[in-house]
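Before any comments, here is the structure.
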Amino acid sequence: MPPPAGPPAVVPVSPLDRARRKAFLRLLPILFVSYVIAFVDRANVSIAKLTMTRDLPGFDNAVIGFGAGIFFLGYFLLEIPGTLLVEKWSARLWISRIMITWGVMAALTATVRTPFDFYLVRFLLGLAEAGFFPGVIVYLTHWFPTRDRARALAFFFVGTPVAQLVSPKISNLLLRIGTDEVVAGALVHHPKVLVLSGWQWIYVAWGIPAVVMGIVVLFALTDRPRQARWLTPEEREALVAELEREKATGFAKRRMTLGEALRHPKVLLLALVYFLSVTGSYGVEFFLPSILERWYSLKYDTLTSLILLPPLLALAGQLFVGWSSDRAKERRLHTAVPMAAAALALLVAAQSRGHLALTVACFMVAYAGFKSYLPAFWAMPSLFLTEAAAAGSIGLINSIGNLGGFMGPWVLGSVETLTGSFEGGLYFLAASMALSAATVLRLGLGRAQPRAAPWVPTKSE
């Protein structure tokens with residue numbers, strides 16, 4: 001008779017694995033919340049416009065689309081300098097500055113009265129926020145080895161679908177301020193609060209958290225592992241050694257200057273890919289509430305419930321792709337397949353009017369495609385670039401790519417104003433996503449590599 005089994009052996013956790021786990025738990029929640037607020041502040045115009053266009057003369061879908069997109073022109077101007085500041089100076093100080101100034105500008109949107117006012121404040125909001133997104137991507141390379149990077153990016157990127165889940169219902173409650181509503185057959189008036197209407201409160205209420213989180217970032221983020229007092233000396237040295245080892249491997253291949261990186265064909269093609277995909281995603285995201293309201297005459301409560309469904313699928317898709325891409329060490333198909341799925345979904349969506357369930361299902365798949373590719377895509381630049389070259393290239397890719405955030409809403413809003421229909425604009429966005437997927441496949445970067453042992457938390461963790 002065999003002796004009774006003893007307690008299971010406890011596998012010791014290496015200092016490197018402890019450091020990796022602590023970095024996830026310490027840094028990613030702060031960056032995640034910050035990105036949630038960032039996305040709400042740039043995209044809440046999609047809800048605010050539902051009454052904003054009624055209160056302000058001259059505001060139609062073309063004005064809203066142009067104003068929503070002009071954010072990205074301001075964003076374009078400071079992307080590369082901002083990203084280099086994160087690499088060469090301080091992520092903590094730069095991200096804190098960004099958040100405080102963008103919170104102020106977001107709140108000032110409540111003061112607009114003319115289309116020019118709207119264009120100006122959206123442009124300044126883009127200037128204020130420039131550098132946040134690519135700065136965080138660069139910042140994560142300071143903390144997470146390659147085997148963890150897509151997963152870390154995925155946890156950061158889910159801020160977008162979470163923002164799209166959190167924002168609509170809160171914004172819907174604010175939107176009622178200063179409006180009349182029929183409830184149980186009776187007309188109910190919701191008075192203004194501090195002389196502001198609901199659409200104005202959407203901008204003010206979401207601008208304040210950005211300022212608060214800017215202060216949190218100032219005191220809670222740590223620029224580099226060597227400065228982390230919340231790691232033990234042994235953990236710091238293990239993490240620094242791992243990051244330096246990967247950097248040395250990259251240098252052995254070819255150390256590229258910033259100027260060479262910015263002219264590199266792969267960098268330029270990645271910028272094109274991102275431009276095309278952002279064109280598709282932001283065109284839909286800024287106008288989805290308007291499309292559903294136009295096609296199905298939905299009440300705001302129903303409308304804001306339905307637009308929660310696409311981000312739910314996007315959230316699941318993004319986490320899955322981040323995990324799967326790291327596990328397989330493959331970036332190319334994990335980028336191209338979601339893009340192609342979004343293109344197909346938009347084609348079907350353009351023909352689905354009159355079938356609400358099909359329309360919502362199409363936009364759910366489209367949103368999943370818009371968001372799921374991001375962790376794999378943003379792991380690509382570090383496959384062939386390091387340090388300032390990587391930082392500058394990430395800034396370039398993001399700045400050029402985000403011009404698609406101008407193109408998509410502007411085209412969709414302009415086509416609707418000219419034709420009275422959203423269908424033509426949706427076909428354009430579908431073509432943009434399809435071309436993006438095809439370019440990734442032709443690029444060939446990010447094919448599957450031999451696997452390294454993944455990080456799996458042990459019982460002692």
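Keep in mind it's a predicted model, so treat the numbers as computed, not measured.
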Task: Atom of W143, atom of A23 and distance for their closest heavy-atom approach - done: CE3-CB, 4.0 Å
Task: F66 ring center within less than 6.0 Å of Y119 ring center - done: yes
TODO: List the atom of W102, the atom of A210, and the distance in Å for their closest heavy-atom pair.
DONE: NE1-CB, 3.4 Å
Open item on the list: Go through it in stages, so that I can follow the logic: the residues are Y427 and L346, the test is side chain to side chain contact (heavy atoms under 4.5 Å, CB included), and I'd like the CA-CA distance, side-chain angles, deciding distance and then a yes or no.
Closed with: CA-CA 7 Å; Y427 287 129; L346 290 179; over 6 Å; no
Open item on the list: I'd like to know whether V411 forms a side chain to side chain contact (heavy atoms under 4.5 Å, CB included) with L429, so could you lay out the CA-CA distance, the side-chain angles of the two residues, the decisive distance to 0.1 Å, and finally the verdict.
Closed with: CA-CA 9 Å; V411 169; L429 301 183; 5.6 Å; no
Open item on the list: Could you work out, with ring-ring contact (aromatic ring centres under 6.0 Å, His included) as the rule, every residue matching W199, not counting sequence neighbours?
Closed with: none
TODO: Could you grab the distance from atom OG of S352 to atom CG of L347, nearest 0.5 Å is fine?
DONE: 11.5 Å
Open item on the list: What I want to check is whether the side chains of T359 and W295 have a donor and an acceptor closer together than 3.5 Å.
Closed with: no
TODO: Could you pull out the closest heavy-atom pair between F59 and I64, with the gap in Å?
DONE: CD2-CD1, 4.0 Å
Task: D117 side-chain N/O to R113 backbone N/O, donor-acceptor pair under 3.5 Å - done: yes
Open item on the list: With a 3.5 Å distance limit and no angle check, can you tell me whether S197 reaches the backbone of Q200 through a side-chain donor-acceptor pair?
Closed with: no
Task: Whether T111 side chain and L108 backbone form a donor-acceptor pair below 3.5 Å - done: yes
Using a 3.5 Å cut-off and no angle test, enumerate the donor-acceptor pairs between side-chain atoms of residues 430-446 and protein atoms at least two apart in sequence or in another chain.
| from | atom 1 | to | atom 2 | distance (Å) |
| --- | --- | --- | --- | --- |
| S432 | OG | L276 | O | 2.6 |
| S436 | OG | V273 | O | 2.9 |
| T439 | OG1 | L435 | O | 2.8 |

Open item on the list: With a 3.5 Å distance limit and no angle check, can you tell me whether S96 reaches the backbone of G214 through a side-chain donor-acceptor pair?
Closed with: yes
TODO: Considering non-hydrogen atoms only, spot the tightest contact between T222 and W230 and give its length.
DONE: OG1-NE1, 3.0 Å
Open item on the list: Taking CH2 in W410 as the centre, count heavy atoms belonging to other residues, nucleotides or ligands within less than 6.0 Å. Is the count above 12?
Closed with: no
TODO: Report yes if some heavy atom in the side chain of I397 is under 4.5 Å from a heavy atom in the side chain of F377; otherwise report no.
DONE: yes
Task: Nearest heavy-atom neighbours spanning V365 and A341 - done: CG1-O, 4.0 Å
May I have the list of side-chain donor-acceptor pairs in residues 306-323 shorter than 3.5 Å, sequence neighbours left out?
| from | atom 1 | to | atom 2 | distance (Å) |
| --- | --- | --- | --- | --- |
| Q318 | OE1 | V158 | N | 2.8 |
| Q318 | NE2 | K371 | O | 2.7 |

Task: Separation of L120 CG from T114 OG1 (nearest 0.5 Å) - done: 9.0 Å
Open item on the list: Using modelled atom types and a 3.5 Å cut-off, is there a donor and acceptor pairing between side-chain atoms of T302 and backbone atoms of L298?
Closed with: no
Open item on the list: Whether the R294 and S290 side chains hold a donor-acceptor pair (N or O, under 3.5 Å, no angle test) is what I'd like checked.
Closed with: no
Open item on the list: Could you tell me if the side chain of T146 sits less than 4.5 Å from the side chain of R149, heavy atoms only?
Closed with: yes
Open item on the list: Please confirm whether the ring centroid of F71 lies under 6.0 Å from the ring centroid of F123.
Closed with: no
- [ ] For residues V162 and Y35, determine if any side-chain heavy atom of one lies less than 4.5 Å from a side-chain heavy atom of the other.
- [x] no
- [ ] State, with a plain yes or no, whether a side-chain heavy atom of T160 is found less than 4.5 Å away from one of V36.
- [x] no
Open item on the list: Has K169 got a side-chain atom pairing as donor or acceptor with D301's backbone, closer than 3.5 angstrom?
Closed with: yes
Open item on the list: Are V211 and M99 packed together at the side-chain level, in the sense that at least one heavy-atom pair is separated by less than 4.5 angstrom?
Closed with: no
Task: Side-chain donor/acceptor of S167 to backbone N/O of Q164, under 3.5 Å - done: no
Task: Validation row: L153, L374 side chains within 4.5 angstrom (heavy atoms) - done: no
Open item on the list: Quick check against the 3.5 Å criterion: does D326 have a side-chain atom that pairs as donor or acceptor with the backbone of R151?
Closed with: yes
TODO: Applying side chain to side chain contact (heavy atoms under 4.5 Å, CB included), run through V112 and M52 and close with a yes or a no.
DONE: CA-CA 10 Å; V112 304; M52 185 179 178; 3.7 Å; yes
TODO: Give a yes or no on whether the backbone of L333 and the side-chain of E330 come within a donor-acceptor separation of less than 3.5 Å.
DONE: yes
TODO: Flag yes if more than 12 heavy atoms outside F144 fall under 6.0 Å of its CZ atom; otherwise flag no.
DONE: yes
Task: Check: P168 main-chain N/O paired with N172 side-chain donor or acceptor under 3.5 Å - done: no
Open item on the list: Out of the candidates F133, Y373, F156, only one should pair with W378 under the ring pair (Phe, Tyr, Trp, His ring centres under 6.0 Å) rule; please name it.
Closed with: F133
Open item on the list: Aromatic contact between F72 and Y282, with the criterion being ring centroids under 6.0 Å apart: yes or no?
Closed with: yes
TODO: For residues L196 and I177, determine if any side-chain heavy atom of one lies less than 4.5 Å from a side-chain heavy atom of the other.
DONE: no
Open item on the list: H142 vs D223, test: side chain to side chain contact (heavy atoms under 4.5 Å, CB included). Steps then yes/no.
Closed with: CA-CA 8 Å; H142 298 166; D223 281 323; over 6 Å; no
Task: S171 and W206: side chain donor to acceptor below 3.5 Å - done: yes
- [ ] Give, for atom CG of D60 and atom OG1 of T417, the distance between the pair rounded to the nearest 0.5 Å.
- [x] 4.5 Å
TODO: For residues I202 and L175, determine if any side-chain heavy atom of one lies less than 4.5 Å from a side-chain heavy atom of the other.
DONE: yes
- [ ] Of all the heavy-atom pairs spanning A152 and L28, show the shortest one and how long it is.
- [x] O-CD2, 3.6 Å
TODO: To the nearest 0.5 angstrom, please state how far the CZ atom of F422 sits from the CZ atom of R353.
DONE: 9.0 Å
Open item on the list: Distance check, rounded to the nearest 0.5 Å: F275 atom CZ versus M407 atom CE?
Closed with: 4.0 Å
Open item on the list: Under the criterion side chain to side chain donor-acceptor pair (under 3.5 Å), I'd like the reasoning laid out for R331 against T335: C-alpha separation, chi angles, the key distance, then a yes or no.
Closed with: CA-CA 6 Å; R331 314 302 187 192; T335 300; over 6 Å; no
Open item on the list: Side chains of H334 and S324: any donor to acceptor distance under 3.5 Å?
Closed with: yes
Open item on the list: Would you compute the distance between atom NE2 of H355 and atom SG of C362 and round it to the nearest 0.5 angstrom?
Closed with: 11.0 Å
